[in-house]
Amino acid sequence: MTASLQDAAAGEPLLVADGISKSFGGVQALAAVSFTIRRGEIYGLIGPNGAGKTSLFNVLTGIYAPEAGTFAFDGHALAGLKPNDVAERGIARTFQNIRLFANLSALENVMIGRHVRTRANVFGAIFRNASTLAEERAIETRARELLDYVGMSQRANTLAKHLAYGDQRRLEIARALATDPRLLALDEPAAGMNATETAALKGLLESIRRDGVTILLIEHDMKLVMSVCDRVLVLDYGRKIAEGPAAAVQKDDKVIAAYLGGEVTLNLKGT
Amino acid sequence: MRSYLALRRHPGLEWAGLALVAVALIALPWVLADIGTAWVRITNLAILYCFLALGLNIVVGFAGLLDLGYIAFYGVGAYVYALLASPQFGLHLPFWAILPLGAALACIFGVLLGAPTLKLRGDYLAIVTLGFGEIIRIFLNNLSSPFNLTNGPQGITLIDPFRIDGFSFATTQRVLGQTLSSPIKYYYFLLAVLLVVIVVNLRLQNSRIGRAWEAIREDEIAARAMGINTRNMKLLAYAMGASFGGVAGGMFSAMQGFISPESFVLVESIMVLSMVVLGGMGNVFGVVVGALLLSYVPEVLRYTVGPAQRAVFGRTLIDPEVFRMLLFGLALVLMMLFRPAGILPSALRKRELQAPTRE
């Protein structure tokens, strides 16, 4: 993996979101959401279903344009960039409903992730000059390293659609890492995983962070969120209702109300 | 590079096999000529269809973009050649100068077609490309006035054959004691070009570009999220596919000596698409097999349906011309029922999957 970034730069803002708004028809998916992700942290994004978490991901990665607000990534505005430009800037993502290249092998999936960091064009592809061949070798070597990194080197030649669910999630992470991201945005990576797989995922996330990649994590598995995230942002109906260290957020009244429903909370407090 | 790696395991055997295939391919026209020269011509057309199917395979098989107007690029290439090497304008440029020109113009048309369809997929893309194919054909049909560019429905005649110095592909001559007829000369030329086209296709598929196309085919949103510029990559697929069609068109013009808009109708586009789908989308060798089958089967039926009926019933019950297309359609339906992924869906891939994982 890349050299550790946990140096002087750690702790400085990497992504600053300022007043992000987005609505679909009459539904306000995101209402003036602002937050800051610091370099080298694992930043959790939680909230009940329909809170706007995935919408935030889609706006961040250029799939939707925000109606208001700006993102600054490493000091540069992301406004108006297409998804492929966002990836080139160094933000890679996975998808809640796994979007692998189903009919390609695991290795090929990761090799495609190298696309944005490599240069070979049609003429290189046809004539196979020395630099193209060297680049191809480098792509394959790196892809195998990454498969190994997520613990899937045994599955390199398996078609993505034939992989077990947990493997598909890990392959998506490997593919995203292949783009050399500085911010890795994971949309519910533990969904559908059993306890063992989730524990392994926790180890993987920590090791990715150790290697200098900042992580933005949407997750419903609260145990995972609370144990791995440095700070957590809570969304409800598109609004930010809490932000802070995981332990503090967990005790926040508004957060408990959002998850359990207001009246339940009152009753709980009454007893 | 997977196909090459797989070949290296038994190099001796592979070379022997390749040598056998090479000998068979070199001997083929002589065997066919014994049956009838028509079969050599049919073979030449079948190879042209291989070019077309391989070109369309880039767009449909690799990038997953359904194109129903592909024959238009064939037409563009054919007319570029015809106009620059016929009495139409009194121009007689050499073929090696015109073929790249035809490819380049077809390539431009490919991008022109691609640009407005970038956001379309599936059915909608099919309709737009179908319209584009028809536009080109209608233009070819009507560009005879006010300025006579294409000679309209009469087409263009007396198109120059390929000629290298004194060696003309249109005449019969004796070489080394053997009589080389025109179709046999073209056969060897087409075979050589086909080999190049196949290698180019395989190399494109196993490259950064080919993987990007396959990513778009599999999931466009994920492809974009992985940093692939889908707009440029789609335009590139259209451009590459179209230029293959353009080259094929030029060769068609020279071989036939006559072209008219009749050769570039919608059903031809559908035929080429059927070759790609039947052979196995995205598999280069499957597509070649598909193209050969769909070229030969109707011709074989042409020569067998009539005699078979007379042998069984003593007379011709159904017009052979009608009956053979009926059988042909039935064959297509059966193929799709029993091998929906094509004749060679992913032979290479299967071998790759069985191979032990390299550590």
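Since we're looking at a predicted model, the values are computed, not measured.
No part of A/Glu172 comes within reach of chain B, as not one of its non-hydrogen atoms sits under 4.5 angstrom from that chain. Contact of A/Ile139 with chain B is made through the side chain alone, with heavy-atom distances under 4.5 Å. Interface residue B/Ile228: backbone and side-chain heavy atoms are both found under 4.5 Å from chain A. Heavy atoms of A/Arg175 lying under 4.5 Å from chain B belong to its backbone as well as its side chain. Interface remark: A/Arg119 contributes backbone and side-chain atoms alike to the contact with chain B (heavy atom separation under 4.5 Å). For chain B, no part of A/Thr61 is nearby; none of its heavy atoms comes within less than 4.5 Å. Of the two parts of A/Asp85, neither the backbone nor the side chain holds a non-hydrogen atom closer than 4.5 Å to a non-hydrogen atom of chain B. At a 4.5 Å heavy-atom cutoff, the contact between A/Val122 and chain B is made by backbone and side-chain atoms alike.
Here A/Arg170 pairs with A/Asp167 in a salt bridge; the nearest charged N to carboxylate O distance falls below 4.0 Å. Here B/Arg211 pairs with A/Glu136 in a salt bridge; the nearest charged N to carboxylate O distance falls below 4.0 Å. By the 4.0 Å N-to-carboxylate-O rule, B/Glu220 lies too far from B/Arg224 to be salt-bridged with it.
The candidate with the highest count of non-hydrogen atom pairs below 4.5 Å against chain A, out of B/Ile221, B/Leu204, B/Val200, is B/Ile221. Chain B forms more heavy-atom pairs under 4.5 Å with one residue of A/Ala87, A/Ala120, A/Ala178 than with any other, namely A/Ala120. Per-residue counts of heavy-atom pairs under 4.5 Å with chain B were compared for A/Ile112, A/Val86, A/Thr179, A/Leu100; the largest is that of A/Ile112. With respect to chain A, the highest number of heavy-atom pairs below 4.5 Å among B/Ala222, B/Gly210, B/Ser207, B/Gly282 belongs to B/Ala222.
Side chains of A/Thr132 and A/Asn129: a donor on one and an acceptor on the other come within 3.5 Å. Side chains of A/Thr54 and A/Asp187: a donor on one and an acceptor on the other come within 3.5 Å.
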Steps toward side chain to side chain contact (heavy atoms under 4.5 Å, CB included) verdict (A/Leu30, A/Leu235)
CA-CA 9 Å; A/Leu30 294 168; A/Leu235 288 182; 4.2 Å; yes

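No side-chain heavy atom of B/Leu195 sits less than 4.5 Å from a side-chain heavy atom of B/Val199.
A distance of 6.0 Å or more separates the ring centres of B/Tyr74 and B/Tyr49.
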